[in-house]
Amino acid sequence: MATMAVIDFETTGLSPNRGDRATEVAVVLVENGKPVRRYQSLMNAGVNIPGRIQALTGITNDMVAAAPAASAVMREVSDFVEDFPLVAHNAAFDQRFWDAELARVKRNRRQEFACSMLIARRVLPHAPSHKLGELAAFAKLPATGRFHRAQADAEMAAQLLAYMTKLVQRDYRIRDVDHDLWCRVQRTPVGALQQVLADY
DNA sequence: TGCCAGGCCCTCTTTAGGGCCTT
């Protein structure tokens with residue numbers, strides 16, 4: 001099975017278009033559902049972190065002030081990710097920050113994102129919520145650390161993906177559940193998974 | 001203090017509105 005890169009950003013807010021910046025990034029490279037390499041770093045973008053965000057993530061202005069420059073971290077994590085296809089929970093969010101922070105170091109994204117939240121809505125339609133933490137509890141996944149820290153959330157998203165991989169392998173007898181299949185799943189209309197995967 | 005964005009998805013829909021997710 002090809003390698004996938006599960007990524008998570010912590011940021012100062014929701015929108016890079018409104019000046020929000022990344023404060024931490026973590027990537028877990030997974031093969032056959034198992035983590036094989038990890039990258040994590042706080043990053044200093046030289047901007048203030050609002051108090052409510054510091055309370056949410058536990059990442060303070062002092063922590064980020066002592067961290068490497070955002071530009072250096074983005075070059076490093078971009079080299080780490082290479083061309084591996086990306087996965088994130090609510091990937092539209094992480095994709096916006098990945099693209100925006102890469103653009104600041106004159107780089108471009110070279111691969112597609114799959115979204116574990118869109119996949120979970122289809123594979124786990126009866127979960128009470130599709131928040132990462134709620135899905136982790138629903139699937140009884142082992143704890144990875146403090147929620148809303150990049151490393152813990154990337155590890156949890158990787159575990160969730162492995163959990164959903166096993167379900168699809170079991171229910172549809174598809175041996176090689178790869179990134180292309182996940183992209184197909186997230187484009188599948190909600191409720192139509194069985195029809196779409198039955199003949200895969 | 002409360003809000004901000006953007007895309008998906010459902011419904012009391014499609015000439016729209018609002019909840020869910022991410023920080």
Side-chain angles (χ1 to χ4, degrees), chain A residues 4-28 40-65 67 70 73-74 77 86-104 109 112-139 141 144-161 163-164 182-196:
Chain A
M4 287 182 252
V6 183
I7 188 169
D8 187 71
F9 277 108
E10 303 306 317
T11 71
T12 63
L14 297 176
S15 175
N17 289 336
R18 294 179 60 89
D20 291 323
R21 297 294 306 276
T23 57
E24 186 181 41
V25 63
V27 176
V28 181
Q40 179 276 333
S41 184
L42 290 164
M43 47 201 285
N44 183 3
V47 296
N48 180 63
I49 305 172
R52 68 184 188 286
I53 305 293
Q54 294 187 51
L56 178 72
T57 64
I59 298 171
T60 66
N61 283 312
D62 286 346
M63 290 165 66
V64 168
V73 172
M74 286 308 299
V77 70
L86 285 157
V87 181
H89 198 72
N90 197 7
F93 173 85
D94 293 280
Q95 179 178 319
R96 282 196 296 275
F97 279 94
W98 180 250
D99 290 351
E101 295 290 349
L102 276 186
R104 290 176 175 272
R109 176 164 52 90
E112 291 303 306
F113 270 82
C115 176
S116 56
M117 185 189 73
L118 295 182
I119 295 164
R121 283 179 178 170
R122 290 154 177 81
V123 176
L124 302 170
H126 303 303
S129 156
H130 294 93
K131 291 181 182 177
L132 183 59
E134 298 290 326
L135 285 166
F138 177 76
L141 303 176
T144 56
R146 187 195 201 282
F147 282 118
H148 293 300
R149 284 301 299 267
Q151 185 74 61
D153 284 2
E155 297 277 355
M156 191 59 82
Q159 286 192 30
L160 174 63
L161 197 70
Y163 176 83
M164 295 191 293
W182 286 136
C183 288
R184 177 183 295 233
V185 166
Q186 71 186 19
R187 289 191 300 267
T188 297
V190 171
L193 191 62
Q194 187 166 2
Q195 299 92 294
V196 171

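Lettering of chains follows the sequences in order, A, B, ..., and the numbering in each one begins at 1. Because the structure is predicted, anything quoted here is derived from the model rather than measured.
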Are [X] and [Y] side-chain neighbours, meaning at least one heavy-atom pair lies under 4.5 Å?
{"X": "A:N48", "Y": "A:T12", "value": "no"}
{"X": "A:T23", "Y": "A:L42", "value": "no"}
{"X": "A:F138", "Y": "A:L124", "value": "yes"}

- Query: Contact class for A:F97 vs. all strands (heavy atom < 4.0 Å): base, sugar-phosphate, or nothing?
  - Reply: nothing
[atom1] atom, [N] versus [M]: distance in rounded Å?
{"N": "B:dC3", "M": "B:dT23", "atom1": "C1'", "result": "14 Å"}
{"N": "B:dT15", "M": "B:dG19", "atom1": "C1'", "result": "22 Å"}
{"N": "B:dC12", "M": "B:dG18", "atom1": "P", "result": "14 Å"}
{"N": "B:dC8", "M": "B:dT14", "atom1": "C1'", "result": "16 Å"}

Between [atom2] of [N] and [atom1] of [X], the distance in whole Å:
{"X": "A:M117", "N": "B:dC20", "atom1": "CE", "atom2": "P", "result": "12 Å"}
{"X": "A:H130", "N": "B:dC9", "atom1": "NE2", "atom2": "C1'", "result": "12 Å"}
{"X": "A:Q95", "N": "B:dT23", "atom1": "CD", "atom2": "P", "result": "16 Å"}
{"X": "A:L118", "N": "B:dG6", "atom1": "CG", "atom2": "C1'", "result": "12 Å"}
{"X": "A:N90", "N": "B:dA5", "atom1": "CG", "atom2": "P", "result": "16 Å"}
{"X": "A:D94", "N": "B:dA5", "atom1": "CG", "atom2": "P", "result": "19 Å"}
{"X": "A:L160", "N": "B:dC21", "atom1": "CG", "atom2": "P", "result": "13 Å"}
{"X": "A:L132", "N": "B:dC21", "atom1": "CG", "atom2": "C1'", "result": "11 Å"}

- Between A:D20 and A:S15, do the side chains contain an N or O donor and an N or O acceptor separated by less than 3.5 Å? no
- Please report the C-alpha distance between A:E155 and A:Q151 in whole Å, then the side-chain angles of each, then the deciding distance to 0.1 Å, and finally whether the side-chain hydrogen bond (donor to acceptor under 3.5 Å, both in side chains) criterion is met. CA-CA 6 Å; A:E155 297 277 355; A:Q151 185 74 61; 3.0 Å; yes
- Taking only the side-chain heavy atoms of A:R96 (C-beta and beyond), determine which of B:dT23, B:dC10, B:dG6 contains the nearest atom. B:dG6
- Message: The side chain of A:R122 is closest to which nucleotide in this list: B:dC21, B:dC9, B:dT22?
- Response: B:dC9
- The answer to which of A:G191 and A:P128 contacts DNA chain B further toward the 5' end, by nearest nucleotide, is A:G191
- Message: Is it the case that over 12 heavy atoms from other parts of the model lie below 6.0 angstrom from the CD atom of A:Q195?
- Response: yes
- For residues 11-23 of chain A, which residues have at least one heavy atom under 4.0 Å from DNA chain B? A:T11, A:G13, A:L14, A:S15, A:N17, A:R18
- Shortest non-hydrogen contact between A:A120 and A:M164, atoms and distance: CA-SD, 3.6 Å
- So does A:H89 get a side-chain nitrogen or oxygen closer than 4.0 Å to the phosphate oxygens (OP1/OP2) of B:dC21? no
